[in-house]
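Since the structure is predicted, the reported quantities are computational estimates derived from the model, not experimental observations. Chain letters run A, B, ... following the sequence lines, proteins first and then strands; every chain starts at 1.
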Amino acid sequence: MEVDPRIVLPGDVIDVDTDSTVVLGPGLRQEGEDVVATKAGVLRHLETGNKWWIESNQKRYIAATGESVIGTVTAKMTEYFRVDIGAAHSATLPILSFEGATKRNRPNLPLHSLVYCRVAMANPDMEAELECVSPQTGKADGFGELTGGYVFKCSLGLCRRLLNPNTPILTLLGQYFPFETAVGMNGRVWINSEEIKNTTLIANAILNSEYLSTEECKQMVEELVNKL
Amino acid sequence: MSDLKKEGKKPSSRLLGMKFMQRSMEKEMQEKLEKERKRVISEAEWVLDTKETNVEKPKIQIEYQPSFLPFTQDTTSGRRSFNSFNKEIESKVVDEEKEQRLAREEEIENANKISDKEFGKQMQTIRSVSKKSKKRKTDKSDDAANKKPKVIGFMKPE
């Protein structure tokens with residue numbers, strides 16, 4: 001990265017190399033000739049493709065195409081399910097967007113069940129559309145109903161960090177217990193493990209680890225495990 | 001009585017009451033009303049005087065990406081399992097990682113590639129190489145004078 005990462009506030013004008021097409025990520029907007037920040041956060045830049053974006057944190061999710069989210073089924077219509085993903089409007093999940101689903105063979109999702117799905121299409125004007133199959137292969141690939149376990153909410157920045165396999169907290173916890181987890185980019189995390197006390201411990205550890213460094217994470221996890 | 005007559009030879013009220021007089025008066029009334037209506041409508045419609053201002057297209061080309069996904073530099077794994085809790089997922093995670101890393105490296109390669117034609121053009125003239133070294137010498141003096149002071153905003157205390 002050529003530019004030092006710096007902290008910007010909304011309204012700051014950003015010097016952008018305008019020779020090639022500029023790709024603006026979340027938090028940046030074009031105003032006339034300038035590029036202006038609309039969110040407060042750390043400005044980041046990627047040379048390949050001239051990408052600029054702002055890393056910020058918030059709790060409210062805004063649907064964007066291609067993201068994997070955890071949703072709750074709120075209603076079952078004839079052609080689709082109505083799913084709540086934590087955005088301003090509920091999303092629709094067509095019945096045929098499951099692996100091996102046909103009109104005769106409908107997926108049987110009870111009300112208030114959890115689904116791990118992918119946002120197929122998101123527009124600021126319309127309700128988001130979800131799908132439970134991966135677009136290239138047409139197979140489930142980890143999407144689908146999540147049975148058992150426990151889901152909790154966290155901030156979007158923490159979810160993005162949890163998706164990165166280099167983040168230490170999940171690997172640290174994985175040394176002590178067997179468990180599985182699904183992270184949705186809409187601020188929801190699902191954990192499933194054999195015993196309830198393990199599940200609560202894992203949930204608390206994840207929530208507390210948001211602002212801790214690797215060393216502090218280690219200490220916290222060891223303390224929690226010793227208390228069990 | 002003389003006053004009344006002096007006001008001019010106005011048609012008497014009996015004459016005015018007659019059908020043909022009424023008809024022409026009504027026509028005039030209608031015309032007046034039409035005029036009023038037209039005036040009201042034309043005043044309600046108005047056009048901005050923008051023919052002279054030119055709207056220019058902004059000179060930078062921008063593409064918007066609303067999601068954070070294309071900006072991640074490491075693989076993203078949504079579902080993970082530890083200590084062989086869910087074996088299917090553990091096997092899938094390895095494959096996913098490979099795929100994502102391949103895709104990222106391909107993107108980097110494609111961005112750095114120059115098409116064969118452009119490469120040929122660059123190699124055609126030797127002059128361009130010597131010009132570059134001359135440019136470098138003059139650039140240094142310019143740089144000192146014109147260099148923008150680097151804007152370092154608020155830096156995180158570390």
Side-chain angles (χ1 to χ4, degrees), chain A residues 4-9 12 15-16 18 20-26 28-30 32-35 42-44 46-49 51 53 55 62 64-68 116 119 122 141-143 156 160 163-166 170-171 173-185 192-194, chain B residues 55-101 103-113 147-158:
Chain A
D4 301 322
R6 66 181 223 241
I7 297 192
V8 291
L9 292 177
D12 287 351
D15 283 327
V16 171
T18 54
S20 53
T21 315
V22 185
V23 177
L24 292 185
L28 291 170
R29 222 176 80 95
Q30 172 193 25
E33 297 286 331
D34 312 311
V35 170
V42 181
L43 178 69
R44 301 232 157 219
L46 206 52
E47 269 302 326
T48 59
K51 300 183 180 174
W53 73 100
E55 279 184 6
I62 299 182
T65 319
E67 302 190 336
S68 331
Y116 189 61
V119 179
D141 261 354
F143 296 124
L156 302 190
R160 266 177 262 132
L163 282 175
N164 182 352
N166 296 337
L170 286 178
T171 29
L173 287 167
Q175 291 164 1
Y176 295 100
F177 326 100
F179 69 97
E180 64 166 336
T181 157
V183 178
M185 291 187 77
N192 190 11
S193 106
E194 281 154 12
Chain B
V55 179
E56 283 176 13
K57 248 187 168 182
K59 290 168 193 161
I60 10 178
Q61 284 178 317
I62 299 253
E63 215 184 274
Y64 285 108
Q65 283 279 6
S67 157
F68 274 102
L69 274 184
F71 301 103
T72 53
Q73 272 126 294
D74 306 299
T75 49
T76 50
S77 38
R79 287 196 76 165
R80 297 162 70 187
S81 146
F82 298 91
N83 256 327
S84 51
F85 192 82
N86 191 335
K87 296 205 177 148
E88 292 176 12
I89 292 187
E90 288 187 359
S91 54
K92 277 191 197 158
V93 166
V94 180
D95 291 334
E96 261 192 53
E97 212 211 305
K98 277 191 202 163
E99 272 175 44
Q100 290 189 8
R101 207 188 308 156
R104 245 178 297 133
E105 292 185 359
E106 267 193 43
E107 219 202 301
I108 295 180
E109 263 201 54
N110 284 343
N112 289 339
K113 249 201 232 169
K147 195 174 182 187
K148 263 196 219 166
K150 210 175 181 191
V151 177
I152 305 181
F154 176 67
M155 289 294 291
K156 251 201 291 198
E158 292 220 16

Nearest 0.5 angstrom please: B:Phe71 CZ to A:Arg160 CZ, how far?
11.5 Å

Below 4.5 Å, heavy-atom pairs only: which of A:Val16, A:Leu28, A:Asn192, A:Asn166 has the largest tally toward chain B?
A:Asn192

From the list A:Thr21, A:Val183, A:Thr181, the residue making the most non-hydrogen contacts under 4.5 Å with chain B is A:Thr181

At a 4.5 Å cut-off on heavy atoms, which part of A:Gln175 comes close to chain B: side chain, backbone, both, or neither?
backbone

At their closest point, which heavy atom of A:Lys51 faces which heavy atom of B:Pro70, and how far apart are they?
NZ-O, 3.6 Å

Picking from A:Leu156, A:Asp141, A:Asp34, which has the most non-hydrogen pairs under 4.5 angstrom with chain B?
A:Asp141

Counting heavy-atom pairs under 4.5 Å with chain B, the top scorer among A:Val119, A:Val22, A:Leu9 is A:Val22

Heavy-atom contact with chain B under 4.5 Å, split by part of A:Thr171
both

Output the option from A:Glu180, A:Arg29, A:Glu55, A:Met185 having the highest count of non-hydrogen pairs under 4.5 Å with chain B.
A:Glu180

Pairwise distance CG(B:Asn83) to CG(A:Leu173) - rounded to 0.5 angstrom:
11.0 Å

Side chains of B:Gln65 and A:Trp53, heavy atoms from C-beta outward: is any pair under 4.5 Å?
no

Counting heavy-atom pairs under 4.5 Å with chain A, which one of B:Gly78, B:Ser84, B:Ser81 comes out on top?
B:Gly78

Test side-chain contact (heavy atoms from CB on, under 4.5 Å) on B:Arg79 and A:Phe143; report intermediate values, then the result.
CA-CA 9 Å; B:Arg79 287 196 76 165; A:Phe143 296 124; over 6 Å; no

Gap separating the CG atom of A:Leu46 from the OG1 atom of B:Thr72, nearest 0.5 angstrom
10.0 Å

